[in-house]
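See structure below.
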Amino acid sequence: MSQILALACDYGGYALKEEIKKHLDAAGIAYRDFGTDSEASVNYPVYASKLCKSIQSGECYRGILVCGTGIGMSIAANKHKGIRAACASDSFSVKYTRLHNDANVLCLGGRVVGTGLALELVDLFIATEFEGGRHAERVAMLAAIENEQ
Ligand code: RB5
């Protein structure tokens, strides 16, 4: 499986995405940045889609999306087959969305969380593995819903 984390943002998440990159660089964690590359206005679904496609193709194993609230990115990401995106701003939710939902995308609000908290959430998202067991059956049910659409 790929060891590359995917990152993307819109202009509302650009500053935080750059902080996340510095943090990952310091930790020696490999990532690919799918943009955007400035605070100029762009449309968040475009960047959500680039990141989600990199997970669908297997190039990246998980991803982090940042917009102003994290919500637009999470809505866009969850339109993609096989993507389980969680918008979260607390550690309990990030921990359990990995343990129970096997979330493969974390969406953060660059205008919601401070940098210090966001970096802790990133670390937790990377470090926490899916618990499986009864939760695997539920995740399979999510895939079944997708396949019905
Ligand atoms: C951009 O102003 C803002 O709408 C976007 O970053 C995001 O928060 C959407 O959900």
Side-chain angles (χ1 to χ4, degrees), residues 2-27 29-130 135 138-139 141-149:
S2 163
Q3 298 294 309
I4 302 171
L5 187 68
L7 300 179
C9 67
D10 74 352
Y11 60 106
Y14 175 72
L16 179 54
K17 186 198 68 176
E18 294 306 297
E19 292 298 326
I20 293 171
K21 282 165 62 178
K22 282 188 226 161
H23 181 69
L24 297 175
D25 285 338
I29 293 171
Y31 62 84
R32 179 162 173 207
D33 181 0
F34 290 90
T36 186
D37 301 320
S38 77
E39 290 189 335
S41 181
V42 289
N43 300 316
Y44 62 82
V46 172
Y47 294 89
S49 207
K50 287 174 193 268
L51 179 141
C52 290
K53 284 174 182 166
S54 79
I55 295 173
Q56 288 174 323
S57 73
E59 178 190 355
C60 297
Y61 76 111
R62 253 176 244 164
I64 297 174
L65 287 167
V66 194
C67 64
T69 59
I71 296 172
M73 284 296 200
S74 64
I75 294 171
N78 280 316
K79 302 290 182 196
H80 294 76
K81 197 165 184 172
I83 298 299
R84 294 174 300 280
C87 179
S89 50
D90 68 279
S91 58
F92 187 88
S93 298
V94 171
K95 177 178 174 184
Y96 280 89
T97 201
R98 283 291 310 128
L99 287 172
H100 289 186
N101 313 127
D102 198 14
N104 49 11
V105 176
L106 173 65
C107 301
L108 297 171
R111 298 170 183 160
V112 178
V113 289
T115 303
L117 173 59
L119 299 181
E120 281 197 7
L121 300 181
V122 166
D123 288 344
L124 197 52
F125 179 69
I126 292 170
T128 309
E129 290 307 326
F130 180 45
H135 302 294
R138 294 164 184 164
V139 169
M141 291 170 79
L142 298 175
I145 292 171
E146 260 174 7
N147 290 330
E148 279 169 20
Q149 300 299 303

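Note that the structure is a prediction, hence the values are computed from the model and not measured. One-based numbering, in listed order, for ligands and for the atoms of each.
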>> Testing Leu108, Leu65, Thr36, Asp37 one by one against Lys17 for a side-chain contact (heavy atoms from CB on, under 4.5 Å), which residue passes?
In response: Asp37

> Does a sphere of radius 6.0 Å around NZ in Lys21 hold more than 12 heavy atoms from other residues, nucleotides or ligands, not counting ones at 6.0 Å or beyond?
Replying inline: yes

> Counting only heavy atoms not in Asp25, do more than 12 fall under 6.0 Å of its CG?
Replying inline: yes

>> Looking at Cys60, is its backbone amide N or carbonyl O close enough to the side chain of Arg32 to form a donor-acceptor pair, meaning the two atoms are under 3.5 Å apart?
In response: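 Not a single qualifying donor-acceptor pair exists.
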
> Would a distance-only check, ignoring hydrogens and angles, find a side-chain to backbone donor-acceptor pair under 3.5 Å from Glu39 to Tyr14?
Replying inline: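 No, the answer is negative, given that no donor and acceptor are paired below the 3.5 Å cut-off.
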
> Applying a 4.0 Å heavy-atom criterion (strictly less than), which segment of Asp10 is in contact with ligand 1: side chain, backbone, both, or neither?
Replying inline: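 Contact part for Asp10 vs ligand 1: side chain (C-beta onward).
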
> If you count the atoms of ligand 1 from 1 in the order shown, which ones are under 4.0 Å from a heavy atom of Tyr44?
Replying inline: 9 (C)

> Near Gly68, which atoms of ligand 1 are under 4.0 Å from a heavy atom of that residue?
Replying inline: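 That gives atoms 5 (C), 6 (O), 7 (C), 8 (O) of ligand 1.
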
Around [atom], find the nearest protein heavy atom and jot down its residue, atom name and distance.
atom	value
atom 1 (C) of ligand 1	Tyr11 OH, 3.2 Å
atom 7 (C) of ligand 1	Cys67 SG, 3.4 Å
atom 8 (O) of ligand 1	Thr69 N, 3.0 Å

> Does any N or O atom in Ile71 lie less than 3.5 angstrom from one in ligand 1, N or O only?
Replying inline: no

> So is Gly72 polar-close to ligand 1, meaning N/O to N/O under 3.5 Å?
Replying inline: yes

> Do any non-hydrogen protein atoms sit less than 4.0 Å from atom 4 (O) of ligand 1?
Replying inline: no

> Do Lys50's NZ or CZ and the ring of Tyr47 fall within the cation-pi criteria of under 6.0 Å and 45°?
Replying inline: yes

> Between Val122 and Leu24, does a side-chain contact (heavy atoms from CB on, under 4.5 Å) hold up when you go through it step by step?
Replying inline: CA-CA 9 Å; Val122 166; Leu24 297 175; 4.2 Å; yes

